[in-house]
**Student:** 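One structure coming up, written as structure tokens, with questions to follow.
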2 protein chains.
Amino acid sequence: MAAPKRLNRDALISTALEVADREGLDAVTIRRVAQRHDVTPMALYRHFPDKDGIFDAVIERLLAQVRLPEHDERPWDEQMTELLSGLVEALRPHPNAATLVFSRILSSTPGRDITERTLALLRRSGMPVEQAAETASQTLSSLVALVIAAPGRTGGPEIDEAAAAREQKAALLALPEDRYPHLVAAADAMSSCGSEALYYGRGVDLIVTGMRGAQRPEAVTGR
Amino acid sequence: MAAPKRLNRDALISTALEVADREGLDAVTIRRVAQRHDVTPMALYRHFPDKDGIFDAVIERLLAQVRLPEHDERPWDEQMTELLSGLVEALRPHPNAATLVFSRILSSTPGRDITERTLALLRRSGMPVEQAAETASQTLSSLVALVIAAPGRTGGPEIDEAAAAREQKAALLALPEDRYPHLVAAADAMSSCGSEALYYGRGVDLIVTGMRGAQRPEAVTGR
DNA sequence: ACCTGAACACCGTTCAAGT
DNA sequence: ACCTGAACACCGTTCAAGT
């Protein structure tokens, strides 16, 4: 008879994600995840090839939450906005884990689906294949960056987020005002999101507007 | 008499950066850097408070290379393009280290200078302070993302870059064409930069065009 | 099939010395 | 002032076993 398996892959992924959310990516260790399940570190190797495999699974889960917009006759930029907003929504709750997406979009199935759709919409907008590929790549990584570097985030363990934001703000306000007038004036907005909805809404708009501009060559400056 | 100091802070930073470039960020360890200078790990603690201090110094050096454009009467978007291109040029040779920039732009002097100038140009474009702060934050992190996730980069140790690109391309070409028609068609462009100059030039344009669009409300869709 | 246990080659960092 | 040495509490991972 098979031994009753005590370990569950999905639960392990959840634990890894929780640890990442609460204490940062560096706190996610095989030994720590194992401990939370009252199991030897080596037990995890039944479910993942190695530590990176755990991260792969975490990202796959996050990206799988993204719902692709229905195929319909709406303008491409409207659908693009919906698609990209979906990606942002999926990553927002997990800014620490988001870093892992950079190297993994094309190696997970849901990531490939998102990329495929982005490419499709860019092609529909009139872009040649090569430029669409470049733009898709730039776009998706930029959105990940938006989540990682959202004002108020330190990138660290994030024990007390509000305190970190206050500290950040104080540091900016303490800057010499003659050298950093704008940084001092924007201390508040640079150290915490007034409205996350607005921050991400505008972030997506920045990109989509840039895409639209690429379709109107006269708007592009070049270098 | 003071003992002749064998260790040099700048040289240590160079070593850290070299290791990062060649073998990835994870390969940068205090012990490894120390070993390259024929010194005990503890010797480094004379020059840096801890490991993170080494990373801080690495990023400070990279960002210090960015030359801010002269103050002149050219249009804001032209100056912005120059500024952002300068940042990209500084980071391009060090994609592995670039990840560290996210959490450090505002905590290094050159990073603050870059951010201050970005804010100034956005304000000059007509943006209100809060939006300028948001946009500056989004812009700078997006450019970092461009470097980190440039087609052809795996994010890993990068032993053989060309081989990794070929492998990536083969993986894309092996995808089912009915489900991923665009991904298959764009396999080449998704797995390596045809022209890095074009990739980064268009990347900067994407952002700057997005900024211009924020000044023309009718171009913004919203959500 | 699923998990354990001991071991190996690494980490960052503290503390107490040496010269 | 500058560096060493031993030690501590961690890592990921291999190998060989237990049930």
Side-chain angles (χ1 to χ4, degrees), chain A residues 1-20 22-59 96-97 99-100 103-104 154-159, chain B residues 1-20 22-59 96-97 99-100 103-104 154-159:
Chain A
M1 244 193 61
K5 72 166 161 182
R6 306 165 41 200
L7 236 43
N8 171 300
R9 202 184 124 101
D10 276 345
L12 291 170
I13 298 173
S14 298
T15 304
L17 188 52
E18 280 164 24
V19 174
R22 285 212 286 261
E23 306 178 49
L25 264 190
D26 289 345
V28 180
T29 67
I30 291 188
R31 291 175 122 101
R32 205 109 132 48
V33 173
Q35 200 181 13
R36 290 231 191 174
H37 289 260
D38 286 308
V39 128
T40 283
M42 283 314 300
L44 300 212
Y45 284 81
R46 283 289 136 189
H47 299 91
F48 308 96
D50 53 18
K51 192 185 173 182
D52 227 52
I54 303 184
F55 287 148
D56 290 345
V58 167
I59 291 314
N96 291 337
T99 322
L100 300 169
S103 49
R104 287 170 174 85
T154 58
E158 305 267 1
I159 318 115
Chain B
M1 237 187 75
K5 71 166 164 183
R6 306 167 39 198
L7 236 43
N8 171 299
R9 201 184 123 101
D10 275 346
L12 291 170
I13 298 173
S14 298
T15 305
L17 187 52
E18 281 165 23
V19 175
R22 286 212 285 261
E23 307 178 49
L25 265 189
D26 289 345
V28 180
T29 67
I30 290 189
R31 292 176 122 102
R32 207 109 132 47
V33 173
Q35 200 181 13
R36 290 231 192 173
H37 290 260
D38 285 310
V39 127
T40 284
M42 283 313 300
L44 300 212
Y45 284 81
R46 285 287 138 188
H47 300 91
F48 308 96
D50 52 17
K51 193 186 173 180
D52 227 51
I54 303 183
F55 286 148
D56 290 345
V58 167
I59 291 314
N96 291 337
T99 324
L100 300 169
S103 50
R104 286 167 174 89
T154 57
E158 305 267 4
I159 317 114

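A quick note: this is a predicted structure, and the numbers were derived from the prediction, not measured. Throughout, protein chains are lettered first and strands after them, A, B, ... in sequence-line order, and every chain is numbered starting at 1.
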**Student:** Would you say the side chain of I54(A) lies within less than 4.5 Å of the side chain of L12(A), judging by non-hydrogen atoms?
**Tutor:**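 They are not in contact (no side-chain heavy atoms under 4.5 Å apart), so the answer is no.
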**Student:** Could you run through DNA chain C and flag its stems, i.e. three or more consecutive Watson-Crick or G-U pairs with both distances under 3.5 Å?
**Tutor:**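 The stems that DNA chain C takes part in, listed by first number, are C:4-8 with D:12-16, C:12-16 with D:4-8.
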**Student:** Is there a side-chain contact between H37(A) and T15(A) (heavy atoms, below 4.5 Å)?
**Tutor:**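 Yes, at least one pair of side-chain atoms sits under 4.5 Å.
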**Student:** Of the non-hydrogen atoms in T154(B) and S103(A), which two are nearest, and what is the gap between them?
**Tutor:**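 Closest pair (atom of T154(B), atom of S103(A), distance): O-CB, 3.2 Å.
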**Student:** To the nearest Å, how far apart are Q35(B) CD and dC10(C) C1'?
**Tutor:**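 Nearest whole value for this atom pair: 12 Å.
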**Student:** Answer yes or no: is there an ion pair linking D56(A) with K51(A), defined by an N-O contact shorter than 4.0 Å?
**Tutor:**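 Judged by the 4.0 Å cut-off on N to carboxylate O distance, D56(A) and K51(A) do not form a salt bridge.
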**Student:** For DNA chain D, which residues in residues 43-51 of chain A have a heavy atom at a distance below 4.0 Å?
**Tutor:**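 Those residues are Y45(A), D50(A), K51(A).
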**Student:** Which value, rounded to the nearest 0.5 Å, describes the distance between E23(A) atom CD and N96(A) atom CG?
**Tutor:**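 So the gap between those two atoms works out to 10.0 Å.
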**Student:** Could you tell me whether R32(B) and D26(B) make a salt bridge, using a distance below 4.0 angstrom between a side-chain N and a carboxylate O?
**Tutor:**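 No.
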**Student:** With side chains defined as the heavy atoms from C-beta onward, is the minimum distance between L44(B) and V33(B) less than 4.5 Å?
**Tutor:**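 Side-chain contact under 4.5 Å: yes.
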**Student:** Once you round it to whole Å, what is the distance between P of dG5(D) and CG of D38(B)?
**Tutor:**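 Roughly 13 Å, once rounded to whole Å.
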**Student:** What's the closest nucleotide to the side chain of R32(B) if the choices are dC15(D), dC11(D), dC11(C)?
**Tutor:**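 Within the option list, the nearest is dC11(C).
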**Student:** Starting from P on dC3(D), measure out to CD1 on I30(B) and report it in whole angstrom.
**Tutor:**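 Rounded to whole Å, this separation is 15 Å.
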**Student:** Taking side chain as C-beta onward, heavy atoms only, is R36(A) less than 4.5 Å from V19(A)?
**Tutor:**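 They are in contact (side-chain heavy atoms under 4.5 Å apart), so the answer is yes.
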**Student:** I need the CZ-P distance between R31(A) and dC3(C), as an integer number of Å.
**Tutor:**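 Spelled out: CZ on R31(A) to P on dC3(C) is 18 Å.
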**Student:** D26(A) CG to dC11(D) C1': how many Å, rounded?
**Tutor:**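 My rounded result for the distance is 11 Å.
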**Student:** Taking the side chain of T29(B) as heavy atoms from C-beta outward, which of dC15(D), dC11(C), dC3(C) is closest to it?
**Tutor:**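 Output: dC11(C).
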**Student:** Any heavy-atom pair between the side chains of I13(A) and F48(A) that's under 4.5 Å?
**Tutor:**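 Yes; the side chains approach each other to less than 4.5 Å.
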**Student:** If you take any heavy atom closer than 4.0 Å to DNA chain C, which residues from residues 52-59 of chain A end up in contact?
**Tutor:**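 DNA chain C contact set from residues 52-59 of chain A: none.
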**Student:** Can you tell me how far apart CZ (F55(B)) and CG (L17(B)) are? Round to the nearest 0.5 Å.
**Tutor:**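 It is 10.5 Å, given to the nearest 0.5 Å.
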**Student:** Determine whether more than 12 heavy atoms belonging to other residues, nucleotides or ligands lie under 6.0 Å from atom CD of Q35(B).
**Tutor:**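 Not buried by this count: 12 neighbours or fewer within 6.0 Å.
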**Student:** What's the CZ-C1' distance between R9(A) and dC2(C), to the nearest Å?
**Tutor:**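 After rounding, the gap between these two atoms is 16 Å.
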**Student:** From CE of M42(A) over to C1' of dA1(C), roughly how many Å is that when rounded to an integer?
**Tutor:**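 Distance, rounded to whole Å: 15 Å.
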**Student:** To the nearest Å, how far apart are E23(B) CD and dC11(C) P?
**Tutor:**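 Interatomic distance, CD of E23(B) to P of dC11(C): 11 Å.
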